[in-house]
Amino acid sequence: MENTNSFLVLFLAPVKEYLEDDSVSEILINGPQQVYIERGGRLEEVTAKFVSEPALKAAATNIAKSVGRLLDEMHPRLDARLPDGSRVHAVIPPLARVGTVIAIRKFKKDTLTIDKMLSFGSMDESTIKLIRALVALHKNVIVSGATSSGKTSVLNAVSSFIPDRERVLVIEDASELQLQQRHVVSFETRKADKNGQGEVTIRDLIHSALRLRPDRLVIGEIRGGEALDLLQALNTGHAGSMSTIHANSPEDCLRRIETCALLSGIDIPLAALRAQVASAIDAVIHTARLSDGSRKVVSIAEVMPLSGGEYQVRELQNWCTESISADGAVSGRFALCEPPSFEKEAKVAGIDLPS
Ligand SMILES: Nc1ncnc2c1ncn2[C@@H]1O[C@H](COP(=O)(O)OP(=O)(O)O)[C@@H](O)[C@H]1O
Ligand SMILES: [Mg+2]
């Protein structure tokens, strides 16, 4: 894949500098007069401007055209992935009040390794031991967190512990993960074309993946009804699978999976669904972006059996913020909480746990 930012540069000349700057992760255009960028986890306003609203809107419609999609009165929102992996979302007026709004999430060529996350203080040695044990023991893991808290990066790092001898099937809406193992088969969903034809969803791809003899499934992100398909897959084998979901805490993660499963439209009693969630998901790795822009694994929690119909989690490790300096820098430490319930299992398998 060539650096197709050149392609965006053509349409978005006023923000060329930021498209080409690898330290910029996002470019946010709020109408012709206001542009923000994200760099090192922080937003800053920059002086770039577009000549006029028609010029900006033309740029957005050209981006849409170049990926075979429409952006017009009848299709006022565009969600697209560009050939270089960047993601573009655009909304045009009158839905967008300030003029055409475009957000570009640039494709990160060098994904974060566990070692880099360690050196950034996003996790510590104990976090790594816990994650390695979860993967080695084939636990089903969900990485949760807010938008841009680092879920995909953590999922990618977690997947690096999958042994080479296993067959891994990866399903994503927009290809972001970069698994390094030899036996990885990746799939990407497809949006409907301009005639509303040809859509292929995560659910469809899970259906196919299950017939392709996976040892593990890696699903980029759960957003809807595919949660139910995933739960059923996990409860009938395929241990050691992993995914991400938008949630505010490990408990919230389980509730969100439940809510997504309900979106499948398949009627299932709530009590039965909860039991499925609690038995399918073994652990939640929760990520957060702190006030200084740093991203951390703020909690690793094991999912316990339901109690009185409610989800129970057992926190194995968490991040404790101890102080925030005047310039916003956060300091604190990772603390071990309860020992994992799979301590014995790990010992038998010769897997080292943090002490
Ligand atoms: N631990 C980290 N340290 C520094 N930057 C990170 C870290 N994790 C993620 N990032 C950066 O934050 C941005 C969002 O990360 P991503 O994993 O895509 O988040 P999410 O999947 O939660 O939306 C990316 O630019 C990524 O490179
Ligand atoms: Mg993500």
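Just follow the structure's listing: the first ligand is 1, and inside any ligand the first atom is 1.
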Purely on distance, is any nitrogen or oxygen of [X] under 3.5 Å from one on ligand 1?
X	value
Arg295	yes
Thr147	no
Glu38	no
Val154	no

Show the numbers, then the answer: is there a salt bridge (Lys or Arg N to Asp or Glu O under 4.0 Å) between Glu20 and Lys16? CA-CA 6 Å; Glu20 289 172 347; Lys16 176 173 191 278; 3.6 Å; yes
Heavy-atom nearest neighbour in the protein, as seen from [atom], with distance rounded to 0.1 Å:
atom	result
atom 3 (N) of ligand 1	Phe120 CD1, 3.4 Å
atom 8 (N) of ligand 1	Leu112 CD1, 3.5 Å
atom 19 (O) of ligand 1	Gly150 N, 3.1 Å
atom 1 (N) of ligand 1	Ser122 OG, 2.7 Å

Would you call Ser149 a ligand 1 contact, heavy-atom distance under 4.0 Å? yes
Would [X] and [Y] count as having a side-chain donor-acceptor pair, cut-off 3.5 Å?
X	Y	result
His207	Asp204	no
Asn156	Ser153	no
Arg295	Ser122	no
Glu226	Thr201	no
Ser325	Asp327	yes
Arg223	His246	no

Quick check on atom 24 (C) of ligand 1 - does any protein heavy atom sit closer than 4.0 Å to it? no
If I only include protein atoms of type N, O or S, how many are less than 2.8 Å from the Mg ion (ligand 2)?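 Near the Mg ion (ligand 2), the number of protein N, O or S atoms below 2.8 Å is 1.
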If you define the side chain from C-beta out and look only at heavy atoms, does anything of Leu234 sit under 4.5 Å from Ile281?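 A side-chain contact exists here, since the closest heavy-atom pair is under 4.5 Å.
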Check the pair Lys139 / Glu345 against salt bridge (Lys or Arg N to Asp or Glu O under 4.0 Å), numbers first and verdict last. CA-CA 12 Å; Lys139 302 294 182 194; Glu345 202 185 328; 3.1 Å; yes
For atom CD of Glu322, decide whether the heavy atoms of other residues, nucleotides or ligands shown that lie under 6.0 angstrom number more than 12. yes
